[in-house]
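Following: one structure in C-alpha cells, then a few remarks.
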Amino acid sequence: MKLLLPRLGFAPYLPPVEEGANSALKRAFEALNTHLASNTYLVGHSVTLADIITTCNLYLGFSQLLVKSFTSEFPHVERYFWTLVNQPNFRKILGQVKQTEAVPPIPSAKKPSQSKESKPKPKDEPKKVAKPEPKEVAEPEEEAPKPKPKNPLDLLPPSKMILDEWKRLYSNTKTNFREVAIKGFWDMYDPEGYSLWFCDYKYNDENSVSFVTLNKVGGFLQRMDLARKYAFGKMLVIGSQAPFKVKGLWLFRGQEIPQFVIDECYDMELYDWTKVDISDETQKERVNQMIEDYEPFEGEPLLDAKCFK
C-alpha cells in the first residue's frame, strides 16, 4: 500500500518512502518465490485460507501496480498467482484478471489554482414571472446492443476438418488406436485450415518435484480454455526422476498460433514453439507418438499425459 496509495493520490508521494517500500516488496517476493519453487500451494497440496488471503493481496498488485517487467523476476510467484486466479471459485469473485501494463504515474505536486469568486452585489428583488409549462421531452430510444466482434479465426475460409469430429474419434477409440484414431486424424487433417505445433518447456531444470510439474501443466491447460473451440492439444510429462521434461503437441485453427491465445495465456512464452513439417516423416511419426501417448517416448518413460479437447 505504501507503493500504491501515493501514486493514486491518497497519500503524499515521497521518493525515499517509495524506494524503501519497493525494496521491502522485492525481499518479500524473493522469499515467496523460493518457497513456491518446490510447493504448488503455501500449505499442503490444496488451496487453503493462506492461499486465498495471499492471492487477494497479490491481485491488487498485479492488477494495478506490478508490471510484467517486475513480476517476471519471480516466475514461481507468477505461476502460483495465475494458477489460482484462474480456478473457478476465484474467477467467480475476481472475474477475468489482467495484469496492469503500466505503473500509475506520480501525481503532480502542483495544486490547481482556485479562482476567487467575487460576491454578487445585492440586487433588488426580481419580480415574479410565471414559469412556462414544461414541454414534454421525448425519451431517447435505447440503443441496440452492439454485436460482439467475431473471432478472426471464425472469418477464415471453411475447412474440411471438423474439429469436434476428431475430438469424438479420439475420445471414443479404446482399441487399435493407431489403426483407428491416428489413421482417422490424418484422413481428416486439413493442412490449409489447421497447423500443428510442437512445444518444449524452456525451464525443465526447474521441474524437480513431480506433483508441482503436473500442477504446472494442469494450470496451463486450464488457462488454454479460451481456445477450446479452435484447438486440440497433448501435453506429456516425461521421465521417471527429476528433472522432468514437459513437451506438447498442439493443433490450431489457421496457419499461425492464434494471437488472442498468445495475448491472454501467459504460459505461452514459457515454451519454445516449432511448427510441424508434415512432409518430414520423422516429425509426422513424433506427432503420432504424442497423440497416442507412446511409451517410451524418445527413450524415456511417461510420468503423465494430459489431453486438451
Side-chain angles (χ1 to χ4, degrees), residues 68 78-79 82-83 85-88 91 94-99 101 144-173 181-202 216-236 246-280 283-284 286-293 305-309:
K68 181 69 176 173
E78 281 191 327
R79 183 264 307 160
W82 292 115
T83 296
V85 297
N86 281 289
Q87 292 193 10
R91 291 193 70 167
L94 303 178
Q96 180 69 47
V97 179
K98 290 191 175 181
Q99 187 166 6
E101 295 181 355
K146 294 180 180 179
K148 188 177 178 180
K150 284 192 174 184
N151 188 301
L153 299 184
D154 293 328
L155 304 177
L156 293 175
S159 170
K160 69 173 187 178
M161 184 176 194
I162 310 301
L163 190 58
D164 285 340
E165 288 185 7
W166 156 242
K167 291 179 178 181
R168 277 194 296 272
L169 178 64
Y170 174 89
S171 299
N172 294 333
T173 303
I182 300 295
K183 182 180 183 302
F185 173 78
W186 292 114
D187 288 343
M188 295 179 186
Y189 182 62
D190 171 19
E192 294 180 0
Y194 284 83
S195 56
L196 285 162
W197 297 80
F198 293 129
C199 67
D200 292 271
Y201 192 64
K202 295 179 181 178
K216 189 185 298 181
V217 174
F220 173 43
L221 295 181
Q222 204 170 44
R223 287 181 284 280
M224 284 291 286
D225 192 64
L226 76 169
R228 194 168 297 277
K229 182 180 173 184
Y230 309 100
F232 170 86
K234 290 298 298 284
M235 295 296 294
L236 307 182
V246 178
K247 299 176 183 290
L249 168 73
W250 286 85
L251 172 73
F252 288 117
R253 183 75 165 99
Q255 291 303 304
E256 301 296 333
I257 298 173
Q259 188 60 45
F260 75 92
V261 176
I262 296 172
D263 293 341
E264 298 294 333
C265 187
Y266 82 91
D267 305 68
M268 297 294 288
E269 66 182 34
L270 303 178
Y271 293 84
D272 287 319
W273 294 86
T274 308
K275 195 172 187 179
V276 177
D277 178 4
I278 62 172
S279 66
D280 183 334
Q283 293 189 40
K284 194 170 179 179
R286 191 171 190 252
V287 171
N288 296 341
Q289 292 184 7
M290 297 186 88
I291 291 176
E292 71 168 329
D293 306 336
K306 297 180 182 291
C307 182
F308 176 89
K309 56 183 171 60

Could you walk me through whether Gln99 and Tyr266 satisfy the side chain to side chain contact (heavy atoms under 4.5 Å, CB included) test, starting with their C-alpha distance in whole Å, then the side-chain angles of each, then the deciding distance to 0.1 Å, before giving a yes or no? CA-CA 10 Å; Gln99 187 166 6; Tyr266 82 91; over 6 Å; no
Side chain to side chain donor-acceptor pair (under 3.5 Å) assessment of Glu292 paired with Asn288: CA-CA 6 Å; Glu292 71 168 329; Asn288 296 341; over 6 Å; no
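Phe232 and Tyr170 have perpendicular rings, their planes meeting at more than 60° on a 0 to 90° scale where under 30° would count as parallel.
The CD1 atom of Ile182 lies 10.0 Å from the CD atom of Gln289; values are rounded to the nearest 0.5 Å. Here the straight-line distance linking atom CG of Leu163 with atom CZ of Arg168 works out to 10.0 Å at 0.5 Å rounding.
Looking at Lys68 and Glu101, no side-chain N of the basic residue comes within less than 4.0 Å of a carboxylate O on the acidic one, giving no salt bridge.
Gln283 and Phe198 make their closest contact through O-CZ, 3.7 Å (heavy atoms, listed as atom of the first residue, atom of the second, distance). Nearest heavy atoms, Leu169 versus Gly184: CD2-CA, 3.8 Å. Shown here for Trp166 and Ala181, the closest heavy-atom pair between the two residues is CZ3-O, 3.3 Å. Closest non-hydrogen pair, Leu221 versus Lys306, comes out as CD1-CB, 3.5 Å. Between Thr83 and Gln222, the shortest heavy-atom contact is O-OE1, 4.1 Å.
Gln87 CD: more than 12 foreign heavy atoms inside a 6.0 Å radius.
Here Tyr271 pairs with nothing under the side-chain hydrogen bond (donor to acceptor under 3.5 Å, both in side chains) rule; sequence neighbours left out. Shown here are the salt bridge (charged side-chain N to carboxylate O under 4.0 Å, His left out) partners of Lys167, two or more places apart in sequence or in another chain: there are none.
Leu270 is not listed as a side-chain neighbour of Lys202, based on a closest heavy-atom distance of 4.5 Å or more. Leu153 is listed as a side-chain neighbour of Phe260, based on a closest heavy-atom distance under 4.5 Å. Put simply, the side chain of Phe185 reaches to within 4.5 Å of the side chain of Met161, judged on heavy atoms.
When atom types are taken as modelled, the side chain of Arg253 and the backbone of Gly193 share a donor-acceptor pair closer than 3.5 angstrom. Using modelled atom types, one side-chain atom of Lys234 and one backbone atom of Ile291 make a donor-acceptor pair closer than 3.5 Å. The backbone N or O of Asp267 sits nowhere less than 3.5 Å from a side-chain atom of Arg223 that would complete a donor-acceptor pair. In this structure, Arg91 contributes its side chain and Val85 its backbone to no donor-acceptor pair below 3.5 Å. Judged purely by atom type and a 3.5 angstrom limit, Tyr189 uses its side chain to pair as donor or acceptor with the backbone of Tyr194.
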Name every donor-acceptor pair, under 3.5 Å, that has one atom in a side chain of residues 272-279 and the other anywhere in the protein, sequence neighbours excluded.
from, atom 1, to, atom 2, distance (Å)
Trp273, NE1, Met268, O, 3.0
Lys275, NZ, Gln255, O, 2.9
Lys275, NZ, Gln255, OE1, 3.3
Asp277, OD1, Ser279, N, 3.1
Asp277, OD1, Ser279, OG, 2.5
Asp277, OD2, Ser279, OG, 3.2

